[in-house]
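Please read the structure below before turning to the comments.
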Amino acid sequence: MMTAAGIYDQLLRSYGTPRWWSDDPYTVIFEAVLVQNTAWSNVEATSKAIGSRMKAEVILSMETGELENLIRPCGFFKAKARTIKSVTAWYLKIINESGNLSTEDIRNEILGIKGIGEETADVILVYALRRPSFILDAYTRRFLERMGIEAGNDGERRAFLTETLPHEAETYGHFHWLILEHGKAHCRKRPECKGCPFTTVCKKASA
């Protein structure tokens with residue numbers, strides 16, 4: 001069985017070093033809410049339409065109805081607008097305090113915001129705040145299962161993914177993005193095994 005470090009190295013060789021989500025922390029936070037249950041293309045189009053207004057202070061002061069109309073293409077716009085307002089207020093409060101808080105404390109605060117689950121919280125931690133907290137999503141769970149990684153819950157999955165890698169946000173962020181790239185290219189619900197870099201070890205490929 002491959003280690004997490006071995007998987008990460010193979011993904012890097014196959015796909016190259018991925019881009020970071022965004023150099024602007026607030027853009028990450030805003031888009032992390034928008035992308036829930038929608039296509040990434042909708043998020044990109046919405047972000048482009050908002051343009052220079054995508055600043056925490058601007059979004060927080062914006063009328064809720066205006067925000068809802070701006071994000072309508074991403075679906076669930078009323079609930080997402082409420083979440084965006086809440087997480088924006090939290091971000092403006094925490095931005096000068098985060099250095100005094102542990103990653104666990106910050107994660108718990110984010111999870112206390114209505115509309116934000118564990119995956120979104122970890123996205124915010126890693127890509128916006130540069131805190132190490134491995135992001136687990138459907139792509140990652142499916143990939144690990146097909147690779148023969150036996151894990152009964154997300155705690156065990158996270159332990160496997162982090163035990164042989166540096167405990168740092170950059171590595172976790174790149175690893176997550178690489179798994180997304182691999183999931184889109186090969187490890188789909190109906191796998192596309194031709195050209196997959198893991199055909200010799202994948203349970204699905206050898207079935």
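A 4.5 Å side-chain heavy-atom check between M2 and M147 finds at least one atom pair inside the cut-off. Using a 4.5 Å heavy-atom threshold, the side chains of C202 and H186 count as separate. At least one side-chain heavy atom of C187 sits under 4.5 Å from a side-chain heavy atom of R146. The side-chain heavy atoms of I124 and I106, taken from C-beta on, include no pair separated by under 4.5 Å. The closest side-chain heavy-atom distance from M1 to E150 is not below 4.5 Å. The closest side-chain heavy-atom distance from D137 to V123 is not below 4.5 Å. Counting only heavy atoms from C-beta outward, the side chains of Q36 and F76 never approach each other to under 4.5 Å. Put simply, the side chain of F175 reaches to within 4.5 Å of the side chain of I7, judged on heavy atoms.
One finds the CD1 atom of I113 at 6.0 Å from the CH2 atom of W90 (value rounded to the nearest 0.5 Å). Distance CG/L161 to CD1/I179: 6.0 Å, rounded to 0.5 Å. The line from CG of L11 to CD of E181 is 10.0 Å long, rounded to the nearest 0.5 Å. The distance from the OH atom of Y91 to the CD1 atom of I110 is 11.5 Å, given to the nearest 0.5 Å. One finds the CZ atom of R157 at 9.5 Å from the CD atom of E145 (value rounded to the nearest 0.5 Å). With rounding to the nearest 0.5 Å, the separation of OH in Y139 from CG in L180 is 7.0 Å.
Judged purely by atom type and a 3.5 angstrom limit, T83 uses its side chain to pair as donor or acceptor with the backbone of K114. Judged by distance alone, with hydrogens and angles left aside, the side-chain atoms of K80 form a donor-acceptor pair with the main-chain N or O of L34 at under 3.5 Å. Distance alone, capped at 3.5 Å, is enough to place a donor-acceptor pair between the S61 side chain and the E57 backbone. Of the possible polar contacts, none joining the H176 side chain to the I135 backbone as a donor-acceptor pair under 3.5 Å is found. Side-chain N or O atoms of N108 include one that pairs as donor or acceptor with a backbone N or O of E104 at under 3.5 Å. With T140 contributing its side chain and L136 its backbone, the two residues share no donor-acceptor pair below 3.5 Å. Judged purely by atom type and a 3.5 angstrom limit, E163 has no side-chain atom pairing as donor or acceptor with the backbone of T3. With hydrogens and angles disregarded, a donor-acceptor distance shorter than 3.5 Å links the side chain of K85 to the backbone of I59. Between the R19 side chain and the W21 main chain, a donor and an acceptor come within less than 3.5 Å of each other. Checking side-chain atoms of W20 against main-chain N and O of Y127 turns up a donor-acceptor pair under 3.5 Å.
If you chain together hydrophobic residues whose side chains sit under 4.5 Å apart, L60 and I84 never meet in one group. Linking Ile, Leu, Val, Met, Phe, Trp and Tyr residues whenever their side-chain heavy atoms come within less than 4.5 Å places L12 and Y15 in a single cluster. L92 and V28 sit in two unconnected hydrophobic clusters of ILVMFWY residues. Membership requires side-chain heavy atoms under 4.5 Å apart, directly or through other members. Hydrophobic cluster membership is shared by W40 and V33, with clusters built from Ile, Leu, Val, Met, Phe, Trp and Tyr side chains linked at under 4.5 angstrom.
Counting heavy atoms of neighbouring residues, nucleotides and ligands inside a 6.0 Å radius, atom CG of N153 exceeds 12 of them. Taking a 6.0 Å sphere around NZ of K78, one finds it holds 12 or fewer heavy atoms contributed by other residues, nucleotides or ligands.
In the model, S22 has no side-chain atom that pairs as donor or acceptor with a side-chain atom of E31 under 3.5 Å. Using a 3.5 Å distance cut-off with no hydrogens or angles, the side chains of Y26 and T88 do pair a donor with an acceptor. Residues Q10 and S14 have side chains that bring a donor and an acceptor to within less than 3.5 angstrom of each other. For the 3.5 Å distance criterion, the side chains of S41 and E44 fail to qualify, holding no donor opposite an acceptor.
Summarising the geometry of A128 relative to I29, their closest heavy-atom pair is CB-CG1, 3.9 Å, with the distance given to 0.1 Å. Scanning both residues, G16 and L178, for their nearest heavy atoms gives O-CD2, 3.3 Å. Considering all non-hydrogen atoms of both residues, T199 and C196 come closest at CG2-O, 3.4 Å. Nearest heavy atom pair, residue T103 against residue P132, reads CG2-O, 4.0 Å. A81 and L67 make their closest contact through O-CD2, 3.9 Å (heavy atoms, listed as atom of the first residue, atom of the second, distance). When all heavy atoms of D24 and M54 are compared, the closest pair comes out as OD2-O, 4.4 Å.
Salt bridge E97/K93: present, at least one basic N to carboxylate O contact under 4.0 Å. Here D122 pairs with R158 in a salt bridge; the nearest charged N to carboxylate O distance falls below 4.0 Å. A salt bridge links E118 and R107; the closest N-O separation between the charged side-chain nitrogens and carboxylate oxygens is under 4.0 Å.
Ring planes of F198 and H182: perpendicular class, angle over 60° (limits at 30 and 60°). Aromatic ring pairs are classed by plane angle as parallel below 30°, tilted from 30° to 60° and perpendicular above 60°; the pair H167 and Y172 is perpendicular.
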Query raised in the report: What's the verdict on side-chain contact (heavy atoms from CB on, under 4.5 Å) for I50 and R53, showing C-alpha distance, side-chain angles and the deciding distance?
Result: CA-CA 6 Å; I50 293 172; R53 290 175 292 176; 3.9 Å; yes

Query - Audit row: E68, M62, side-chain contact (heavy atoms from CB on, under 4.5 Å) steps and yes/no - result: CA-CA 10 Å; E68 288 174 357; M62 188 178 289; over 6 Å; no

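Figure legend: R72 and F77 shown as a cation-pi pair, the cationic atom lying under 6.0 angstrom from the six-membered ring centre and within 45 degrees of its axis.
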